[in-house]
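Encoded as structure tokens, the structure appears first; notes follow it.
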Amino acid sequence: MKAKRIKRLVAEKKVKKQTRKLIYKRAESYHKEYRQMYRSEIRLSRMARKANNYYVPAEPRLAFVIRIRGINGVSPKVRKVLQLLRLRQIFNGVFVKLNKASINMLRIAEPYIAWGYPNLKSVRELIYKRGFGKIKHQRIALTDNSLIEKQLGRFGIICIEDLIHEVYTVGKNFKMANNFLWPFKLSSPRGGMNKKTTHFVEGGDAGNREDQINRMIRCMN
């Protein structure tokens with residue numbers, strides 16, 4: 001019995017070592033990929049400027065949505081949209097894949113939400129600091145890569161860096177990765193809000209704030 005147990009422990013240790021190596025290689029390749037994406041954006045904008053032209057970046061595919069108002073006086077349609085977005089509490093945040101349907105949903109709920117396009121730093125900080133997984137309908141902190149592998153291993157997502165990559169690049173398994181993540185419970189923003197009943201373009205807080213959402217995430221994370 002003891003020999004069997006020792007044999008099993010040695011085998012497990014070997015598997016863990018191989019997995020660690022694989023995770024390190026993947027993280028390295030993702031770092032290269034992000035760097036290339038960043039460099040190519042700069043290169044294309046420089047080339048356009050050189051030719052006295054304008055460079056228009058690709059349409060963003062990922063949004064981060066934060067609920068900024070409570071439940072008082074919410075119409076049934078807006079309540080349903082917030083429910084579909086999994087924003088049941090104030091200062092809850094979720095990632096959303098942008099397409100025609102999701103943009104229309106965001107427009108319906110616009111007075112109750114703040115949203116924008118998160119950068120890599122924001123995605124990484126949110127998942128590392130406030131990332132919780134939905135495991136057997138329970139909110140479990142992502143303290144170990146084995147938790148992620150157990151739930152998302154069949155989709156090729158075995159560690160937290162895979163999860164960040166899938167969300168940030170809006171990969172083919174984005175839906176599974178995003179559904180695995182529990183909605184982020186954020187703190188109330190440091191320094192308070194301007195005016196949550198007014199749109200961002202009018203000096204308030206609601207609606208689309210594009211890349212300015214990153215500043216809001218920093219205040220709430």
| Does M37 CE have over 12 foreign heavy atoms under 6.0 Å away? | yes
| Face-on cation placement of R139 at F132 ring, 6.0 Å and 45° thresholds | yes
| task | To the nearest 0.5 Å, tell me how far T169 OG1 sits from R61 CZ. | result | 7.0 Å
| message | Between D144 (side chain only) and L147 (backbone N and O only), is there a donor and an acceptor less than 3.5 Å apart? | response | no
| When clusters are formed by joining ILVMFWY residues with side-chain heavy atoms under 4.5 Å apart, either directly or through shared neighbours, do L181 and I148 land in the same one? | yes
| Donor-acceptor pair between E33 and H165 side chains, under 3.5 angstrom | yes
| Between R26 and D162, is there a side-chain N and carboxylate O pair less than 4.0 Å apart? | yes
| query | Cluster partners of V74, using ILVMFWY side-chain heavy atoms under 4.5 angstrom, listed by chain and number? | reply | V65, V78, V81, L82, L84, L85, L87, V94, V96, L98, I103, M105, L106, I108, Y112, I113, W115, Y117
| task | For residues A114 and I68, report the shortest heavy-atom separation together with the two atoms involved. | result | CB-CG2, 4.0 Å
| Would you call L120 and Y38 a side-chain contact if the rule is heavy atoms closer than 4.5 Å? | no
| said: I want to check something: taking the side chain as every heavy atom from C-beta on, are N179 and F174 in contact at a cut-off of under 4.5 Å? | reply: no
| Joint hydrophobic cluster, I23 plus I160, side-chain heavy atoms closer than 4.5 Å | no
| query | Is there a donor-acceptor pair closer than 3.5 Å between any side-chain N or O of N92 and the backbone N or O of K185? | reply | no
| request: Indicate, with yes or no, if I158 and Y30 share a hydrophobic cluster defined by side-chain heavy-atom contacts under 4.5 Å among Ile, Leu, Val, Met, Phe, Trp and Tyr. | output: no
| message | Closer than 4.0 angstrom, basic N to acidic O: yes or no for E202 and K195? | response | no
| remark: Closest heavy-atom pair, S122 versus R218, reported as atoms and distance to 0.1 Å, is OG-NH1, 3.0 Å
| field | Ring centroid separation F95 to F184 under 6.0 Å | value | yes
| query | Is the closest side-chain donor-acceptor distance between R69 and T197 under 3.5 Å? | reply | no
| message | Applying side-chain contact (heavy atoms from CB on, under 4.5 Å) to E161 and H31, what does each step give before you reach the verdict? | response | CA-CA 10 Å; E161 281 298 329; H31 180 69; over 6 Å; no
| query | Does any donor atom in the side chain of N221 or R130 lie under 3.5 Å from an acceptor atom in the other side chain? | reply | yes
| Does any N or O in the side chain of N173 come within less than 3.5 Å of the main-chain N or O of F155, such that one atom is a donor and the other an acceptor? | yes
| request: Without swapping roles, check the side chain of N194 against the backbone of D205 for a donor-acceptor pair under 3.5 Å. | output: no
| query | Which of parallel (below 30°), tilted (30 to 60°) and perpendicular (above 60°) describes Y34 and Y168? | reply | perpendicular
| Is the closest basic N to carboxylate O distance between K32 and E28 below 4.0 Å? | no
| said: Within a 6.0 Å radius of atom CD1 on I71, are there more than 12 heavy atoms belonging to other residues, nucleotides or ligands? | reply: no
| Are V167 and L152 in one and the same hydrophobic cluster, where Ile, Leu, Val, Met, Phe, Trp and Tyr link if side-chain heavy atoms are under 4.5 Å apart? | yes
| said: Does K150 have more than 12 heavy atoms from other residues, nucleotides or ligands lying within 6.0 Å of its NZ? | reply: no
| request: Rounded to the nearest 0.5 Å, what's the gap from CD on Q18 to NZ on K13? Could you check? | output: 13.5 Å
| task | Measure the CD1-OH distance between I42 and Y55 for me, rounded to the nearest 0.5 Å. | result | 10.5 Å
| field | N-O pairing of D211 and R215 below 4.0 Å | value | no
| In terms of hydrophobic clusters joined by side-chain contacts under 4.5 Å, are Y24 and Y128 together? | no
| remark: Nearest heavy-atom contact between K134 and H137 is CG-CA, 4.2 Å
| field | Beyond-backbone contact of R209 with V201, side-chain heavy atoms, under 4.5 angstrom | value | no
| request: Report the C-alpha distance between L142 and F180 in whole Å, list the side-chain angles of each, state the deciding distance to 0.1 Å, and finish with yes or no for side-chain contact (heavy atoms from CB on, under 4.5 Å). | output: CA-CA 11 Å; L142 301 177; F180 167 70; 3.6 Å; yes
| query | If you measure from CZ on R43 to CZ on R39, what distance do you get to the nearest 0.5 Å? | reply | 9.5 Å
| remark: Scanning both residues in full, the closest heavy-atom pair of P111 with A206 reads O-CB, 3.8 Å
| Is it true that a side-chain atom of R154 and a backbone atom of Q151 form a donor plus acceptor pair closer than 3.5 Å? | yes
| message | Heavy-atom count check: over 12 atoms from other residues, nucleotides or ligands less than 6.0 Å from Q83 CD? | response | yes
| Nearest 0.5 Å, what's the NZ-OG distance between K50 and S45? | 12.5 Å
| query | Do the non-hydrogen side-chain atoms of M220 and S188 ever get within less than 4.5 Å of each other? | reply | no
| field | Any side-chain heavy-atom pair of R124 and K121 under 4.5 Å | value | no
| task | State, with a plain yes or no, whether a side-chain heavy atom of F91 is found less than 4.5 Å away from one of R67. | result | no
| query | Going from CD on Q212 to CD1 on I217, what distance comes out if it is rounded to the nearest 0.5 angstrom? | reply | 11.5 Å
| E166 bridged to K172 by N-O distance under 4.0 Å | no
